[in-house]
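Beneath this line is the structure, given in structure tokens, with notes to follow.
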Amino acid sequence: MDNKKYASMKGKRRVNLFFCYLVLILISIIWLYPFFGIVMQSFRSYSSEYGGMVSYLIPKHFSLDNYKFLLSGKTNYVSWYVNTVIIALFTAFFQTLIVLGVSYALSRMRFKGRKLLMRFWLVLGMFPGFLTMICMYFLLKQFGLTQAGAVPGLILVYCASSGMQYYVCKGYFDTIPKALDEAARIDGATRFQIFYQMIIPLSKPIVIYTALTAFMAPWCDYIFASYVAFGNDKSYNVAVGLTRWVWTNDYQGYFTRFCAGGVLVAIPVVILFMCLQKYYVEGVTGGAVKG
């Protein structure tokens with residue numbers, strides 16, 4: 001009787017697993033289909049014609065013409081890519097420093113108005129950033145940080161309010177015992193030495209998480225980047241420049257080039273997440289424990 005019951009439970013478990021895997025496979029196909037289509041279209045020649053459904057998705061003849069066009073110097077794609085890399089790297093560096101510093105101060109130090117400040121930042125962060133776009137544009141314009149100076153202007157804007165993103169990082173710092181800080185203070189260590197030599201080495205996941213999120217925001221930004229760099233083609237980032245291509249009258253021709261540009265933009269992000277996925281997950285889960 002026990003064997004029959006065990007066999008029945010085992011059969012039900014196999015059926016449940018089968019349907020679970022079937023649903024996951026279907027979801028994966030639906031999710032990956034657009035990406036597969038973009039990659040395939042990037043290898044379609046500029047002048048090739050579209051046929052049936054299969055021919056529309058998979059080109060009959062693969063070509064690197066779109067990639068050669070992007071890197072040939074006939075367009076400003078290389079300068080757009082360089083602008084995007086510069087903005088993303090500088091933003092990731094400075095924003096990570098600011099977030100880590102603010103999070104450590106809020107986690108370890110007790111001062112008057114601390115809770116009020118955290119609540120104020122939390123409420124202020126609920127308002128969408130594009131509400132201040134007009135004011136930010138005119139302010140940046142006064143300092144020459146729009147159009148031709150859009151790259152440093154965007155870096156300044158992305159880093160200016162980064163301290164308000166303290167909550168995940170602070171939650172991770174809260175999980176580190178304060179006894180370590182107290183022991184180091186007794187031995188004569190300064191606040192900076194504790195932060196740099198003790199807390200940061202113990203917080204590798206949250207440091208990587210903070211850097212990745214700071215890197216991704218300007219890498220994918222279109223709205224504010226198009227607003228600040230409007231009218232100056234050489235100051236565009238990749239998102240703005242490729243969107244301008246899609247808006248041209250030659251949509252069919254530039255669409256394949258748009259896909260090739262999108263593939264080149266996606267490659268660094270995919271490599272980063274594949275290499276740092278472990279730390280990214282640990283940073284998110286660790287920062288959600290307290291705070």
Determine whether [X] and [Y] make a side-chain contact, defined as any pair of heavy atoms from C-beta on separated by less than 4.5 Å.
| X | Y | value |
| --- | --- | --- |
| Met216 | Phe273 | yes |
| Leu156 | Pro152 | no |
| Leu264 | Val238 | no |
| Phe224 | Val228 | yes |
| Trp219 | Pro268 | yes |

Task: Check against side chain to side chain contact (heavy atoms under 4.5 Å, CB included), Leu97 and Phe93 - done: CA-CA 6 Å; Leu97 291 181; Phe93 177 75; 3.7 Å; yes
More than 12 heavy atoms of other residues, nucleotides or ligands under 6.0 Å from [atom1] of [X]: yes or no?
| X | atom1 | result |
| --- | --- | --- |
| Arg110 | CZ | yes |
| Phe62 | CZ | yes |
| Met109 | CE | yes |
| Ile134 | CD1 | no |
| Phe111 | CZ | yes |
| Lys178 | NZ | yes |
| Leu122 | CG | yes |

Can you tell me how far the [atom1] atom of [X] sits from the [atom2] atom of [Y], to the nearest 0.5 Å?
| X | Y | atom1 | atom2 | value |
| --- | --- | --- | --- | --- |
| Leu24 | Cys20 | CG | SG | 7.0 Å |
| Leu117 | Arg119 | CG | CZ | 11.5 Å |
| Ile27 | Leu22 | CD1 | CG | 10.0 Å |
| Ile25 | Ile30 | CD1 | CD1 | 12.0 Å |
| Ile87 | Asp221 | CD1 | CG | 8.5 Å |
| Leu202 | Lys204 | CG | NZ | 12.0 Å |

Open item on the list: Set out, in order, the CA-CA distance, both residues' side-chain angles and the distance that settles side chain to side chain contact (heavy atoms under 4.5 Å, CB included) for Val265 and Thr84, then state yes or no.
Closed with: CA-CA 9 Å; Val265 170; Thr84 307; over 6 Å; no
Would a distance-only check, ignoring hydrogens and angles, find a side-chain to backbone donor-acceptor pair under 3.5 Å from [X] to [Y]?
| X | Y | result |
| --- | --- | --- |
| Asn66 | Arg44 | yes |
| Gln147 | Phe230 | yes |
| Arg108 | Phe173 | yes |
| Arg114 | Leu106 | yes |
| Thr190 | Gln193 | yes |
| Gln95 | Tyr158 | yes |

- [ ] Establish, from distance only, whether the side-chain atoms of Ser42 and Tyr67 form a donor-acceptor pair under 3.5 Å.
- [x] yes
Open item on the list: Apply side chain to side chain contact (heavy atoms under 4.5 Å, CB included) to residues Leu154 and Asn83 and explain how you reach the verdict.
Closed with: CA-CA 10 Å; Leu154 288 171; Asn83 291 341; over 6 Å; no
Task: Tyr172 vs Ser203, side chain to side chain contact (heavy atoms under 4.5 Å, CB included): CA-CA, chis, key distance, verdict - done: CA-CA 8 Å; Tyr172 193 95; Ser203 307; 3.9 Å; yes
Side-chain heavy atoms nearer than 4.5 Å, only ILVMFWY residues, links allowed to pass through others: does that put [X] and [Y] together?
| X | Y | value |
| --- | --- | --- |
| Tyr166 | Leu116 | no |
| Ile267 | Leu71 | yes |
| Leu17 | Phe19 | no |
| Ile271 | Met274 | no |

Parallel, tilted or perpendicular for [X] and [Y], by the 30°/60° rule?
| X | Y | answer |
| --- | --- | --- |
| Phe69 | Trp245 | tilted |
| Trp31 | Phe35 | tilted |
| Tyr77 | Tyr81 | tilted |
| Phe94 | Phe90 | parallel |
| Phe195 | Tyr104 | tilted |

TODO: Apply side chain to side chain donor-acceptor pair (under 3.5 Å) to Asn237 and Tyr222, showing your working.
DONE: CA-CA 8 Å; Asn237 63 1; Tyr222 166 76; over 6 Å; no
Taking all atoms of both residues into account, what is the closest heavy-atom pair of [X] and [Y], and its distance?
| X | Y | result |
| --- | --- | --- |
| Met198 | Ala184 | SD-CB, 3.5 Å |
| Cys169 | Leu100 | SG-CD2, 3.4 Å |
| Gln165 | Val99 | O-CG1, 3.7 Å |
| Thr96 | Ala211 | OG1-CA, 3.3 Å |
| Leu242 | Trp80 | N-CZ3, 4.1 Å |
| Ser79 | Lys234 | OG-O, 4.4 Å |

Open item on the list: Is the terminal nitrogen or CZ of Arg244 (NZ for Lys, CZ for Arg) located under 6.0 angstrom from the six-membered ring centre of Tyr236 and within 45° of that ring's axis?
Closed with: yes
Open item on the list: Between Lys170 and Asp174, does any side-chain N to carboxylate O distance fall below 4.0 Å?
Closed with: yes
